[in-house]
Every structure is written in structure tokens, then in C-alpha cells.
Peer 1: 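Got a structure for you, written out below as C-alpha cells; questions coming shortly.
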Amino acid sequence: MTPLVDEMLRRALGHALRQAQKEGALPDFEVPQEIPIERPKQEDLGDWATPVCMQLARLARLAPIKIAEAIVPRLDHLEAIGEVNVAPPGYINFYAAKGWLQKQVEEILRQGAAYGRVDFGQGRKVQVEFVSANPTGYLHMGSARNAVLGDALASVLEAAGYDVQREYYINDSGSRMRLFYETLLARYAQALGEDWLVPEEGYHGADVVEMAQAIAAEYGRRFLEMPREEALEAIGALGLEKVIQRAREDLALMGIQYDGWFSEKSLYTNGQFERIMTLLREGGHLYEHDGAVWFRATALGGPKDEVVVRSDGSPGYFASDIAYHYNKFIERGFDTVINVWGADHQGHVPRMKAMMRALGLDPNRLIIILYQLVTLKRGGEIVRLSKRTGDTITLREVLEEVGADAVRYFLLSRSADSQMEFDLDLAKEQSEANPVYYIQYAHARIASILRLARDISYQGGDVSLLNHPAELALLRRMVRLPETVKMAAAQLAPHLLAYYAYDLASAFHAFYRDCRVVSTEPGDEALTAARLKLVAACKIVLARALGLMGMTAPEAM
RNA sequence: GCCCCAAUAGCUCAGCGGAUAGAGCAACUGCCUUCUAAGCAGUGGGCCGGAGGUUCGAGUCCUCCUUGGGGCGCCA
């Protein structure tokens, strides 16, 4: 675990405030629970700052500057902090101690890939469920943002000290699947020369055609010779398997590995659904109307009641969701569950919260991350994404065209609730001047330096020689990884990583220009060793930031 | 009609209620005999959609309006 400077400052400030009150330098007032610590916008104003004295001015009935002057002499000494000063209208500014910055090089090298881990989550069990697209065809570009967000969020939470499980929910039950199976059977028949029609509401994409052709090639006319229901079931099972297999492959191409794939159907075959219905009925949350079973969501803050079991006896997807979340919280014991959904599912959120209350669970333990939909552009035209009309661009196509790293970076560098355009042509054209390469290039440059210095031993390098402004500026960026991880976890905002990584790369490139690492000048051996240590540590931090975003850190470009 | 998200530089977007609002792309000017020029240094570019309000302090919070996206099914 890496200790966080901002937390140490908070403690020191709280202590100093109380001390000043005890000694009569400040009047009695309640010391705020959370003392704000910020990063000043301009570097010359310090590495950390607190505006707390402005907030306290009214409570203390003193000028902010006076409060600051009472606090500063009573601050505990912190190894990380050098100079402390007071600036109008009442800021306390803290400057990182040079010796501490230099020492972080050793610390980063010692921690290696573990650098940046913080103890924010305290081991709490969190599940991140993401993508979970209906298995009615290949994953398309619309799922990419979900995949990237969910995976990066999971990585960030892991680094922040949570016990994280990544899960994919397979919606292998319900009316959509029926349509998919019917489409597949029709396409299969077509592949065998039969004159079948794809259902009007079915899936008209090329992916189903492809799967049907593969099945026809492998199994021949077998499914045409069975009764329709039997054929649907048999070919459906094959289709589902192909879709899931393809999803696994596509996600693996982006470096995404799940811990669990959860089948919706299993909720019905193992009695889970029946148990939860009994539970809800006993709790008085269900009633019958027009032959359907309804959930009384309005009694629990929902905008309207919801159908759980349709009048034809088939459970709706909300029924599954209730059973599924019961399983997550009660049976598997997650403290928090995060579901990543497209904004087109926003209407489900209130009923999910109502469901939590019905299960006797704190609704805040279920966090739904809604991300705004991505509009895809090609040739200046907006591509409408719809699985059913078949007007799609598959995730695979985009990965092959643009590359996984670029897809991840672009989709990750915007906050979830901003709508965004993804211009395929632009992403390809600009790939040379792309931020992705800018960051990766920094990593590759370091790798190249370390290759050149292969025979130089720098273990004993003296970090106190790192005094050049560019070296210290780089160090200042490097040591921000832990707090960036914490902030990204606290705000569930992995896009902060994208900006951090860019900043870090930028500091490295500036350093690279100003400071020669491997020097052939006689007498430079000690400085060379120190700088090799610095860049080796920087490489670790860059790789870590890239890794958290699921991007590769190339050794050469 | 009601609900959710957004609106910041020409374009794409950052900006945890605090100091002089930032970055990339695009435009313009310089820099490769030395560890990768996919780089560096610099210039120009802003009534932070509009109107009120809260606050010592608002791009950030609240209300209303405008514009764009998405919801409001016995679909998911």
C-alpha cells in the first residue's frame, strides 16, 4: 500500500486546528470532518493546498489569514512536505520536500507493479457487472464503451483496495432469445437453399447469416428434419454457444478477462426464482392484475408498478433481475454491486432501487453507472446502431481497424455521462498523432534507454543527485498515481487515469529533452546511475497507469 | 407532458464550491552529428448556452428557459 499525502495532510491539519484551539490561539468551533485538500492549478503555488481557512472564517470570526497563521506553526512535521506558506486570501500551500520526492524513486522500484495500490476499499467485496449484452449476435461497437468502462473501473477498484469480481450476465432466457433462435433457424434454412423468411422483428445482421452458414456446413440438413420446436432448441443452443464464444474472444482482444459468466436461465432451473417470488409475496410486494403478477414499486419509491410475470405465465426480465440481485447480495455477499449500463436503460434504475428496498437492502449498495451512448461516424455520416435492423459495426471490425489500445483510450478519456462521437476515419487517420501513441511512446523510449544501458549497474545510484527541474517535475507527476487511483475509485471515474497518464508522459518527454540519461562523459557515472533509476521507476508508473486502463505498454515502437 | 444526461477555444473534451478556466486536434514559428522527432519549445484563439438565485467565493450548487441525446411497453 502506498500512503497518501493528502490524507496525512488532512490529519495534520485537523490536529493543528484542535491544538490551536486548546492553546487559545483560535476560538472554539467544530473542526470540519473532511478538510479539503486540493492540487493548486499552478505549480508555483505548491503541490498541495487547503482552502479550509476561508471556510472557517465565519465560524471562527477571524480573517482567513489569521486562522492560517495560527495553524501553520502547529502542523506536525511530515516527511513529504518541505516548505509551507500562507497566501492570500487564506490558502495554506504545501510544497513537496525534495528529499521525499527523490526517495519515492526507491519506493517505486521496491513496490514495482504494486505501486499505486491504496487502502481505500479496505477489502470490501465489490462486483462489477458489465457488457452483459443480449446474446443475440456479435458484440457491436455500442458495447465497447461499456466494456472499457467496466473493466477499467474494476481495475481501479482493485488497485484502490477492493476485492473485485468481474461478471458477465448472459441473458440467455426471454423473448429476445426466442427471436434470435427463430432468425438463426431461418438463416440456416436459407443457407441450405430453402426459401424461408427472417421474422420481421428478428435480427437482420450479417452475423446471424455467418453463424447459420457455419452450422449448415457442420451439421447439414439435420435441423430441417426435426419438429420446429426441437430444431429451435437444438440450433439455439449452438447459436448461443457461438455468440458467447465470440464475445469471449472479442473481449479478450481488448484484454478483458471475466471472473464469472452468469446464466440468467440458471435462475429458473435451480429454484432461485421460485424462492425470491415466495419471499416477495410474503413481504406483500406482489399483486395480481389482468392475469399478470405485478411488483408494487410505487410503494418503494418507484414511478410505477412493474410486471414481473406476464399474463401468459412467462417471467419478464425484471423478474430475472430481482432473482439475480438477490443472488448477488444475499447469496454471494457482495458489499456493493456496480452495474454498467447504457443510458438507454436509465428507466430501469428506479425499479431496481425499489427492488433493493423490497429485499431489505440499502439501495445505495447497488450502483448503476449509466454511460451516454456513443455515436459512431464513418465518412462524416452518423452510423445508426441497431442489432435488429442489422445496421451495425461489430466490435471486432473496430478492433481490427483502429486497434484495441486506441479504442480503449478514446472511449475511456471521456467521462461516462458525456455523449461522444467516435469517428472511425478520424481515429485511423490520426493514429500517428494520437494521445495513445504519445503515452506509449514515453514507455517505449524508456525501454530503449534501459536497453542501451543494459550493461550499466545502477542499483547503487544516488537519488539525491536528481535535482534538475525537469527531474523534479517528473517526480511530482509520478507520485500522483496513488491519489489518482483513489480519486478515480472514489468518483468511479476511470477517465481520470487517461488524463493522468497523458500528464505523466508529457513530464517524461520534457525530461527526455532536458536531461541526457546515459552519458558518456567521464565523471557522469553517478548521475547516469541516478537517472537510470529515475526512468526505471517512471517506466513502472507509466506501465501501471496504462495497465489500469487495459492498454499495453510497448517496449519498442 | 413528465424524468435522466449534456451544453466550456474553430473541432473533440478535462476541470473533487476556491487562486490568472486547461489539454489534444486544427492554424502559425522555431528545434534532429549525441539515449526513438510517434518528440520538444513557443504564438494566436474563451460574455464557460441564456436569465435569475445561494455563497466570503460559482464553469462547478439551486430554479426557470433554449438546444442536443436518451427514457417513460405484460421488449430488453
Peer 1: Between A:Trp294 and A:Tyr287, how do the two ring planes meet: parallel, tilted or perpendicular, split at 30° and 60°?
Peer 2: parallel

Peer 1: Nearest to the A:Arg516 side chain among B:rU36, B:rC35, B:rA19, which nucleotide is it?
Peer 2: B:rC35

Peer 1: Where do A:Tyr317 and A:Glu264 come nearest, in terms of heavy atoms and distance?
Peer 2: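 Closest approach of A:Tyr317 to A:Glu264: CA-OE2, 4.5 Å.
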
Peer 1: Over all strands shown, is A:Asp290 touching base, sugar-phosphate only, or nothing at heavy-atom distances under 4.0 angstrom?
Peer 2: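 Counting heavy atoms under 4.0 Å across all strands, the contact made by A:Asp290 includes a base.
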
Peer 1: Table please: side-chain donor-acceptor pairs of residues 447-459 of chain A below 3.5 Å, with sequence neighbours left out.
Peer 2:
unit_1: A:Arg451; atom_1: NH1; unit_2: A:Glu555; atom_2: O; d: 3.0
unit_1: A:Arg451; atom_1: NH2; unit_2: A:Glu555; atom_2: O; d: 3.4

Peer 1: Give one of base, sugar-phosphate or nothing for A:Ala490, where a contact means two heavy atoms less than 4.0 Å apart.
Peer 2: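 Nothing: the residue A:Ala490, judged by heavy atoms under 4.0 Å, touches no strand.
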
Peer 1: Whole Å only: how far is the CE atom of A:Met487 from the C1' atom of B:rG15?
Peer 2: 11 Å

Peer 1: Scan A:Cys53 against the nucleic acid and name what it touches under 4.0 Å (heavy atoms): base, sugar-phosphate only, or nothing.
Peer 2: nothing

Peer 1: Encode nucleotides 3-8 of chain B as B, S and - characters from 5' to 3', where the letter depends on protein heavy atoms closer than 4.0 Å: B to the base, S only to sugar-phosphate, - to neither.
Peer 2: BBSS--

Peer 1: Within this structure, what is the CZ-to-P distance between A:Arg477 and B:rA23, rounded to whole angstrom?
Peer 2: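 Checked: the CZ to P distance equals 11 Å.
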
Peer 1: For residues 408-418 of chain A, which residue pairs qualify under salt bridge (charged side-chain N to carboxylate O under 4.0 Å, His left out), counting only residues two or more places apart or in two chains?
Peer 2: A:Asp151-A:Arg408

Peer 1: At 4.0 Å (heavy atoms only), tell me whether A:Tyr438 reaches a base, stays on the sugar-phosphate, or touches nothing.
Peer 2: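 Sugar-phosphate: the residue A:Tyr438, judged by heavy atoms under 4.0 Å, touches backbone atoms but no base.
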
Peer 1: When you match A:Val309 and A:Arg10 each to their closest nucleotide on RNA chain B, which lands nearer the 5' end?
Peer 2: A:Arg10

Peer 1: In terms of the angle between their ring planes, are A:Phe511 and A:Phe508 parallel, tilted or perpendicular, with boundaries placed at 30° and 60°?
Peer 2: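 Because their plane-to-plane angle lies in the 30° to 60° range, the rings of A:Phe511 and A:Phe508 count as tilted.
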
Peer 1: Tell me whether A:Lys539 contacts the main-chain N or O of A:Ile446 through its side chain, where contact means a donor paired with an acceptor under 3.5 Å.
Peer 2: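 Absent.
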
Peer 1: Strictly distance-based, threshold 3.5 Å: is any side-chain N or O of A:Arg145 a donor or acceptor partner for the main-chain N or O of A:Leu412?
Peer 2: no

Peer 1: Rounded to whole angstrom units, what separation is found between the CH2 atom of A:Trp341 and the C1' atom of B:rG69?
Peer 2: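 Those two atoms, CH2 and C1', are 19 Å apart.
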
Peer 1: Roughly how far apart, to the nearest Å, are B:rG71 and B:rU55 at atom C1'?
Peer 2: 35 Å

Peer 1: With nearest nucleotides of RNA chain B determined for A:Ala556 and A:Ala510 from heavy-atom distances, which residue corresponds to the more 5′ nucleotide?
Peer 2: A:Ala556

Peer 1: Between B:rC13 and B:rG52, how far is it from one P atom to the other, in whole Å?
Peer 2: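 That atom pair is separated by 29 Å.
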
Peer 1: Is the terminal nitrogen or CZ of A:Arg351 (NZ for Lys, CZ for Arg) located under 6.0 angstrom from the six-membered ring centre of A:Phe295 and within 45° of that ring's axis?
Peer 2: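 Judged by the rule, A:Arg351 and A:Phe295 form no cation-pi pair.
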
Peer 1: Given the ring of A:Tyr324, does A:Lys328 sit roughly above its face, with NZ or CZ under 6.0 Å from the centre of the six-membered ring and within 45° of the axis?
Peer 2: yes

Peer 1: Do the charged groups of A:Arg531 and A:Glu471 touch, with an N to O distance under 4.0 Å?
Peer 2: yes

Peer 1: Would you say A:Ser415 reaches B:rA14's phosphate, i.e. side-chain N/O to OP1/OP2 under 4.0 Å?
Peer 2: yes

Peer 1: Going by atom types alone, do A:Tyr371 and A:Ser415 pair a side-chain donor with an acceptor below 3.5 Å?
Peer 2: no

Peer 1: Roughly, in whole Å, what's the span from OH in A:Tyr441 to C1' in B:rC35?
Peer 2: 11 Å

Peer 1: With a non-hydrogen cut-off below 4.0 angstrom, is A:Ser175 in contact with a base, only sugar-phosphate, or nothing?
Peer 2: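 It contacts sugar-phosphate atoms only.
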
Peer 1: Does the distance from a Lys or Arg side-chain N to an Asp or Glu carboxylate O, for A:Arg296 and A:Asp305, drop under 4.0 Å?
Peer 2: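 A salt bridge is absent here (no side-chain N lies under 4.0 Å from a carboxylate O).
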
Peer 1: Which nucleotide sits closest to the side chain of A:Val307: B:rA76, B:rC74, B:rA19?
Peer 2: B:rC74

Peer 1: Base, sugar-phosphate, or nothing: which does A:Asp321 touch, judged by heavy atoms less than 4.0 Å apart?
Peer 2: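 No contact at all - A:Asp321 keeps every heavy atom at 4.0 Å or more from the nucleic acid.
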
Peer 1: Any side-chain N or O of A:Tyr512 below 4.0 angstrom from OP1/OP2 of B:rA37?
Peer 2: yes

Peer 1: Round to the nearest Å and state the distance from A:Tyr502 atom OH to B:rU12 atom P.
Peer 2: 18 Å

Peer 1: Is there a donor and acceptor pair closer than 3.5 Å between the side chain of A:Ser311 and the base of B:rC74?
Peer 2: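 Under the 3.5 Å cut-off, the side chain and the base do form a donor-acceptor pair.
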
Peer 1: Can you tabulate the close N/O pairs, meaning under 3.5 Å, that link protein atoms to atoms of nucleotides 27-33 of chain B?
Peer 2:
none

Peer 1: With heavy atoms under 4.0 Å as the rule, sort A:Glu38 into base, sugar-phosphate or nothing.
Peer 2: base

Peer 1: Between B:rG50 and B:rA58, how many Å separate the two P atoms, rounded to a whole number?
Peer 2: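 The answer is 16 Å between these two P atoms.
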
Peer 1: With rounding to the closest Å, how many angstrom separate the P atoms on B:rG45 and B:rG10?
Peer 2: 11 Å

Peer 1: Give the rounded distance in Å between these two atoms: OH of A:Tyr499 and P of B:rG24.
Peer 2: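 The answer, rounded to whole Å, is 11 Å.
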
Peer 1: Give the rounded distance in Å between these two atoms: CG of A:Leu411 and P of B:rC13.
Peer 2: 12 Å

Peer 1: Kindly label the base of B:rC32 as syn or anti, based on whether its glycosidic torsion lies within 90° of 0.
Peer 2: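 Syn, angle within 90° of zero.
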
Peer 1: Which residue pairs pass the salt bridge (charged side-chain N to carboxylate O under 4.0 Å, His left out) test when at least one of the two sits in residues 481-501 of chain A, sequence neighbours left out?
Peer 2: A:Asp6-A:Lys486, A:Glu7-A:Lys486, A:Arg39-A:Glu483

Peer 1: Checking all strands, does A:His348 fall into the base, sugar-phosphate, or nothing category for heavy-atom contacts under 4.0 angstrom?
Peer 2: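 Here A:His348 touches the bases of the nucleic acid.
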
Peer 1: Using a 4.0 Å heavy-atom cut-off, does A:Ala57 contact any base of the nucleic acid, only the sugar-phosphate backbone, or nothing at all?
Peer 2: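 No contact.
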
Peer 1: Under 4.0 Å between a side-chain N or O of A:Arg445 and OP1 or OP2 of B:rA37?
Peer 2: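 For B:rA37, OP1/OP2 do have a side-chain N/O of A:Arg445 under 4.0 Å.
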
Peer 1: Hey, are A:Arg477 and A:Glu43 close enough for a salt bridge, meaning a charged N less than 4.0 Å from a carboxylate O?
Peer 2: yes

Peer 1: Taking only the C1' atom of each, what is the distance from B:rG46 to B:rG53 in whole angstrom?
Peer 2: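 Straight-line distance between the two C1' atoms is 25 Å.
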
Peer 1: How far, in whole Å, is B:rG49 from B:rA7 if one measures between their C1' atoms?
Peer 2: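 So the two C1' atoms sit 6 Å from each other.
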
Peer 1: Would you please indicate if the ring centroids of A:Tyr438 and A:Tyr502 are separated by under 6.0 Å?
Peer 2: yes

Peer 1: Between B:rG30 and B:rA37, how many Å separate the two C1' atoms, rounded to a whole number?
Peer 2: 14 Å

Peer 1: Would you say the side-chain atoms of A:Asp405 pair up with the backbone N or O of A:Met551, donor to acceptor, closer than 3.5 Å?
Peer 2: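 Side chain of A:Asp405 to backbone of A:Met551: no pair is present.
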
Peer 1: Could you please name the option among B:rA38, B:rC74, B:rA76 that lies closest to any side-chain atom of A:Tyr317?
Peer 2: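 Shortest atom-to-atom distance from the side chain points to B:rA76.
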
Peer 1: Where the side chain of A:Asn93 is concerned, which of B:rA19, B:rC16, B:rA76 is the nearest nucleotide?
Peer 2: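 That would be B:rA19.
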
Peer 1: What dot-bracket string describes RNA chain B from 5' to 3', counting Watson-Crick and G-U wobble pairs whose defining distances are under 3.5 Å, with [ ] for crossing pairs and | for pairs to another strand?
Peer 2: (((((((..((((....[...)))).(((((.......))))).....(((((..]....))))))))))))....

Peer 1: Between atom CD1 in A:Ile446 and atom C1' in B:rA38, what is the gap in whole Å?
Peer 2: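 For the pair A:Ile446 CD1 and B:rA38 C1', the rounded distance is 15 Å.
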
Peer 1: With rounding to whole Å, what would you report as the distance between B:rC48 and B:rU60 at their P atoms?
Peer 2: 10 Å

Peer 1: Please check the phosphate of B:rG15 (OP1 and OP2 only) for any side-chain N or O of A:His495 closer than 4.0 Å.
Peer 2: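 Answer is yes, contact under 4.0 Å.
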
Peer 1: Over all strands shown, is A:Gln440 touching base, sugar-phosphate only, or nothing at heavy-atom distances under 4.0 angstrom?
Peer 2: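 Counting heavy atoms under 4.0 Å across all strands, no contact is made by A:Gln440.
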
